[in-house]
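Contents: one structure, followed by commentary.
Positions are given from 1, in the same order as the sequence printed here.
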Amino acid sequence: MADKMFENNQVTIIGEIVSDFVFSHEVYGEGFYMVEVSVNRLSNFVDYIPVMVSERLIDVKSDCNGQYVYVTGQFRSFNRHEEHKNRLVLSVFAREFELVEAPEEDHETNQIFLDGFICKDSVYRKTPLGREIADLLVAVNRSYGKSDYIPCVCWGRNALFVSNFEAGAHIYMEGRIQSRVYKKTLSDTEIEERTAYEVSVATIREEM
């Protein structure tokens with residue numbers, strides 16, 4: 001069953017470690033740490049992806065800044081309660097975490113495969129320049145009765161294709177994890193810069 005759950009949500013990234021390891025939590029004596037990995041897009045833009053890694057996979061006391069790492073795992077979510085509401089927090093949960101040489105420029109460095117269910121009707125719109133976009137929230141089952149909730153964005157023909165998808169539709173998609181900086185207004189005088197994470201969809205199909 002666990003292997004089947006892992007197949008529903010598969011991530012592979014290769015990137016540069018750009019932060020220290022920061023303690024997150026402990027489970028049955030095993031410490032888990034957060035680290036940020038930068039991954040280049042073909043457009044020369046850089047995505048900064050948070051990775052949760054066990055102390056059993058890497059020496060978390062070592063300075064790995066500037067080193068490249070190969071990570072496989074799952075894109076996971078949890079709800080953090082703040083500002084009187086829940087905020088969806090996303091990160092890659094590492095199953096493998098291996099230091100490697102810098103990848104070749106044409107090497108695929110960011111891939112995700114999701115098999116899940118749409119949580120609410122898709123939101124389709126057009127940009128001022130006429131580009132088609134559709135937003136999806138996809139629930140992917142995890143073992144022990146849990147689920148991860150993954151925001152996804154489709155473009156162009158994919159956006160039009162999913163524009164009529166309704167909550168409950170079973171879908172399979174491939175794409176990449178991307179980061180996006182936005183400004184959150186906290187009060188009349190305070191604006192905070194935050195980073196959102198989502199899946200940019202390359203291919204998608206509805207499963208029957």
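Side-chain atoms of Tyr124 and Glu132 include a donor-acceptor pair closer than 3.5 Å.
Taking all atoms of both residues into account, the shortest heavy-atom contact from Leu57 to Arg95 is CD1-O, 3.8 Å. Closest approach of Leu99 to Cys64, counting heavy atoms only: CD1-SG, 4.3 Å. Minimum heavy-atom separation, Ser24 to Met52: OG-CE, 3.7 Å. Of all non-hydrogen atoms in Ile177 and Asp47, the two that sit nearest each other are O-OD2, 3.8 Å. When all heavy atoms are compared, the tightest approach of Ser147 to Asn141 is OG-OD1, 3.3 Å. Contact between Glu36 and Tyr197 at its shortest, heavy atoms only, is OE2-OH, 4.3 Å.
The backbone N or O of Ile13 sits nowhere less than 3.5 Å from a side-chain atom of Asn110 that would complete a donor-acceptor pair. In terms of modelled atom types and a separation under 3.5 Å, the side chain of Ser91 and the main chain of Pro50 share no donor-acceptor contact. No donor-acceptor pair under 3.5 Å is formed between the side chain of Glu30 and the backbone N or O of Val27. Panel note: side chain Asp121, backbone Ala167; a donor-acceptor pair is recorded below 3.5 Å. Remark: the backbone N or O of Ser19 is paired with a side-chain donor or acceptor of Asn65 at under 3.5 angstrom. Proximity of a side-chain donor or acceptor of Glu55 to a complementary backbone N or O of Gly31 within less than 3.5 Å is detected. When atom types are taken as modelled, the side chain of Thr12 and the backbone of Thr72 share no donor-acceptor pair closer than 3.5 angstrom. Between the Asn8 side chain and the Arg142 main chain, no donor and acceptor come within less than 3.5 Å of each other. Ser54 places a side-chain N or O within donor-acceptor distance of the main-chain N or O of Arg56, the cut-off being under 3.5 Å.
A distance of 9.5 Å separates CD1 in Ile17 from CG in Asp63, rounded to the nearest 0.5 Å. In this structure, Thr203 OG1 and Met173 CE are separated by 9.0 Å, a value rounded to the nearest 0.5 Å. Taking CD1 of Ile112 as the start and CZ of Arg176 as the end, the distance is 11.0 Å to the nearest 0.5 Å. Remark: Arg205 CZ to His170 NE2 distance equals 9.0 Å, nearest 0.5 Å. Residue Asn158 holds its CG atom at 11.5 Å from SG of Cys152, rounded to the nearest 0.5 Å. Between the CD atom in Glu206 and the CD1 atom in Ile118 there is a gap of 7.0 Å [rounded to 0.5 Å].
Exactly one of Val11, Val153, Ile150 qualifies for a side chain to side chain contact (heavy atoms under 4.5 Å, CB included) with Val199. That residue is Ile150.
Between Tyr48 and Thr195 the shortest side-chain heavy-atom distance does not fall below 4.5 Å. The side-chain heavy atoms of Ile204 and Leu136, taken from C-beta on, include a pair separated by under 4.5 Å. At least one side-chain heavy atom of Val181 sits under 4.5 Å from a side-chain heavy atom of Glu193.
Atom CD of Glu166 has 12 or fewer heavy atoms from other residues, nucleotides or ligands within 6.0 Å. Taking a 6.0 Å sphere around CZ of Phe93, one finds it holds more than 12 heavy atoms contributed by other residues, nucleotides or ligands.
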| request: Would you check, one step at a time, whether the test side chain to side chain contact (heavy atoms under 4.5 Å, CB included) holds for Tyr182 with Arg194? | output: CA-CA 6 Å; Tyr182 68 98; Arg194 293 182 174 179; 3.5 Å; yes
| field | Worked verdict on Asp148 versus Phe75 for side chain to side chain contact (heavy atoms under 4.5 Å, CB included) | value | CA-CA 8 Å; Asp148 292 295; Phe75 202 26; over 6 Å; no
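Between Tyr33 and Phe23, the angle of the ring planes goes over 60°, which puts this pair in the perpendicular group of the 30/60° scheme.
Clustering ILVMFWY residues whenever any of their side-chain heavy atoms sit less than 4.5 angstrom apart, transitively, puts Val71 in a cluster other than the one holding Met34. One hydrophobic cluster, built from ILVMFWY side chains closer than 4.5 Å, cannot hold both Val53 and Phe32; they sit in different ones.
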